[in-house]
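Throughout, a chain's letter reflects where its sequence line sits, starting with A, and its residues are numbered from 1. In this text the structure is predicted, and so the values were computed from the model without any measurement.
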Amino acid sequence: MSKKIGIADTMFARVDMFKIAKKALDDSMEPGIKLERYTVPGVKDLPLACKKLLEEQNCNICMALGMPGDKPIDKTCAHEASQGLIQTQIQTNKHIIEVFIHLDEGSNEKELKEIVKNRTYDHTMNAIALLKSKNKLQKFAGKGIRQGKENVGEIK
Amino acid sequence: MSKKIGIADTMFARVDMFKIAKKALDDSMEPGIKLERYTVPGVKDLPLACKKLLEEQNCNICMALGMPGDKPIDKTCAHEASQGLIQTQIQTNKHIIEVFIHLDEGSNEKELKEIVKNRTYDHTMNAIALLKSKNKLQKFAGKGIRQGKENVGEIK
Amino acid sequence: MSKKIGIADTMFARVDMFKIAKKALDDSMEPGIKLERYTVPGVKDLPLACKKLLEEQNCNICMALGMPGDKPIDKTCAHEASQGLIQTQIQTNKHIIEVFIHLDEGSNEKELKEIVKNRTYDHTMNAIALLKSKNKLQKFAGKGIRQGKENVGEIK
Amino acid sequence: MSKKIGIADTMFARVDMFKIAKKALDDSMEPGIKLERYTVPGVKDLPLACKKLLEEQNCNICMALGMPGDKPIDKTCAHEASQGLIQTQIQTNKHIIEVFIHLDEGSNEKELKEIVKNRTYDHTMNAIALLKSKNKLQKFAGKGIRQGKENVGEIK
Amino acid sequence: MSKKIGIADTMFARVDMFKIAKKALDDSMEPGIKLERYTVPGVKDLPLACKKLLEEQNCNICMALGMPGDKPIDKTCAHEASQGLIQTQIQTNKHIIEVFIHLDEGSNEKELKEIVKNRTYDHTMNAIALLKSKNKLQKFAGKGIRQGKENVGEIK
């Protein structure tokens, strides 16, 4: 039976993050996984979008893609969204991989876009792994992995 | 069958935000959408007002309109209200579009009122779009859209 | 059928806020509204007191009366209480009007007591209005009303 | 029928707070009240310990005894614990009296221990009062009572 | 009947914390306790991993192992994860022992690894104790125990 990854994205973001997730899925060459998309205005709308993808569209897992702003109010919004995403997971018993890139993470637009690309790509691969089994990511445990930035590695 | 947008607004706000939402709906020329209004003292009363609009008045979507003050305690109130609005969405499986304009967002009353007008108007259009389908806003995804202020645009 | 307003108050507060709420109800000359009181140690005990008033004492609406202290830990307590009050509303589908006066809101005890009196009195009137209908406060929407302090008014 | 007060305490605390609660109960000379104890590592484990005492051990009320540390991370832990304690009350419809003494509340160990003793003792008396009726603490309402420190009193 | 401890760990951590928990269990020489492992990307994914371990894998208790980063955003992530872990406990009525070591807790990598080892080891022993009975840790109550660092001790 085919599986579905729900992708919730926003108008507020400054990069088409869905396209990156789609490329990652294509590159993974996993047969039988479909994407279901839901677009909302901003990150605070993501928890419900994910809930509806998981419950009404029968997605098996979700990705919440967003790019919160760089002002204090934006940090608060992102925090509220994150809390809602965790609550949604607890209520649905399904994973939502949060892929947030804050607009102040890069020192310029090019760097920012690179982080967006890498983090979204890597987390799509994580979502695919979690779809398969709870032990699929086990070989990476404790390795200091950083999606979207250089890994810091394991302490020897 | 006609649809209903619930509008919860406050006595604390300094602009009649409902009137703006109503104008946006009129301008949209969407037939068969009605507004149901609920007025409460302040933003912390909005989560329940929205819950009652969604559950007892059978609204299909809600807008929570508010203008939090500019002091630290007001920021905390707005944060609590936002958390409650997200929880309400998770419990009802319906969207609540939060339209908050903080009293310190504009440098004077005229500018503030302009932001209130634009953000409320734009988000009413978003609510109408979300009423129709989860993909109605898809064409704006990742475009750096800012309701009430100038868009920052997509990173090329 | 008569209606009941639940009043939860605290030992921590420095003014008998219940007495003010009772006076407001008397002044309103509304027949058929009764008060049901519940006293707890501090503001963090108010969410449950309100829940019990709403569910076990069949109150139709509640007021949570408290006077949080002026230290950082007190601000945190008030924040936790507020979050709990909102959660309680979402679970019971009934309003809880929060009437908190922070001990540092007035520059002296006389001023503080004045704020307590006005805010408690005004919010009791709001509670009575909400008991009647969701549109009873509509004429005050967007008017910049401040319970306990001078109104800031509508932006023209 | 006899009643039960659940007492949840921690290994992290630096004083045997249970012993103080037990002395208060003995001093109260209330017949027919039993204590049920549950010891956990730290304050973040208290919400569940209380939930289990209330639901699995049929306690009628709980006390959550803890002594959070003095570093920022400890303040965050205490905040999370407090939020969980309020959520637990809302879910069980029973009171949990939180008795937290922060390690930086006293200027030395002797003072700190004194606060621990007084606050735990006083709140045990409050718990006994709440067990009896919702109006048992009414005579102290608005009196500026401070458990563990000097009362600030009512504003005349 | 044998019991199961669920262990949720992350790719973000810089030490294989699962291995330490396993060694502690081996050292305890407790027969009839099995470990069930679940690996996720970061700490914000731990609440759901634990919920699934407790509900779908029938674990009796869980440990949430993580090493949050040292930046403000990492502190926020850890806070959100902690809130989710407490909510999960309240919903499942089972303990989740949170074992978080912040990357700035040690002044160098060696010291950090030592804290990770000790805290994970000690909390595994706590989890085993909580599996047995609610009074198993009672003898350590109020003793100022610090997992991963030197105990501060009881105030005499």
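In this structure, D:K75 places its NZ atom where more than 12 heavy-atom neighbours from other residues, nucleotides or ligands lie under 6.0 Å away.
For C:E109, the parts sitting under 4.5 Å from any heavy atom of chain D are the backbone and the side chain alike. Interface remark: D:L85 contributes no atoms to any contact with chain C (heavy atom separation under 4.5 Å). Only the backbone of C:A81 comes within contact range of chain D, judged by heavy atoms closer than 4.5 Å. For chain D, the nearby parts of C:K44 are the backbone and the side chain; heavy atoms of each come within less than 4.5 Å. Heavy-atom distances place no part of C:L65 under 4.5 Å from chain D, backbone and side chain included. Proximity to chain C is absent for every atom of D:K136, based on heavy atoms less than 4.5 angstrom apart. Residue D:L130 touches chain C through its side chain alone, counting heavy-atom pairs closer than 4.5 Å. When heavy atoms are compared at a cutoff of 4.5 Å, D:K94 approaches chain C solely by way of its backbone atoms N, CA, C and O. Within the 4.5 angstrom heavy-atom criterion, only side-chain atoms of D:N135, from C-beta onward, approach chain C.
The distance from atom CG of D:N93 to atom CD of C:E55, rounded to the nearest 0.5 Å, is 5.0 Å. If you take NZ on D:K143 and CG on C:D16, they are separated by 7.0 Å, rounding to the nearest 0.5 Å. Atom CE in C:M11 sits 9.0 Å away from atom NZ in D:K139 (nearest 0.5 Å). Taking CZ of D:F140 as the reference point, atom OG1 of C:T10 lies at 13.5 Å (rounded to 0.5 Å). Residue C:C77 holds its SG atom at 6.5 Å from CD of D:E98, rounded to the nearest 0.5 Å.
Smallest separation of non-hydrogen atoms from C:E80 and D:S82: OE1-CB, 3.2 Å. Listed here is the closest heavy atom pair of C:K51 and D:I90: NZ-O, 2.7 Å. In terms of heavy atoms, D:Q147 sits closest to C:P41 at NE2-CB, 4.1 Å. Scanning all heavy atoms of the two residues, the minimum distance from C:V40 to D:H95 falls at CG1-CE1, 3.8 Å.
D:R146 places a side-chain N or O within donor-acceptor distance of the main-chain N or O of C:F12, the cut-off being under 3.5 Å. Under a 3.5 Å cut-off, the side chain of C:R14 and the backbone N or O of D:I155 do not form any donor-acceptor pair.
Comparing C:T88, C:D9, C:L48, C:V15 by heavy-atom pairs within less than 4.5 Å of chain D, the highest count is held by C:L48.
Electrostatic pairing of D:K134 and C:E36 counts as a salt bridge here, judged by a charged N lying under 4.0 Å from a carboxylate O.
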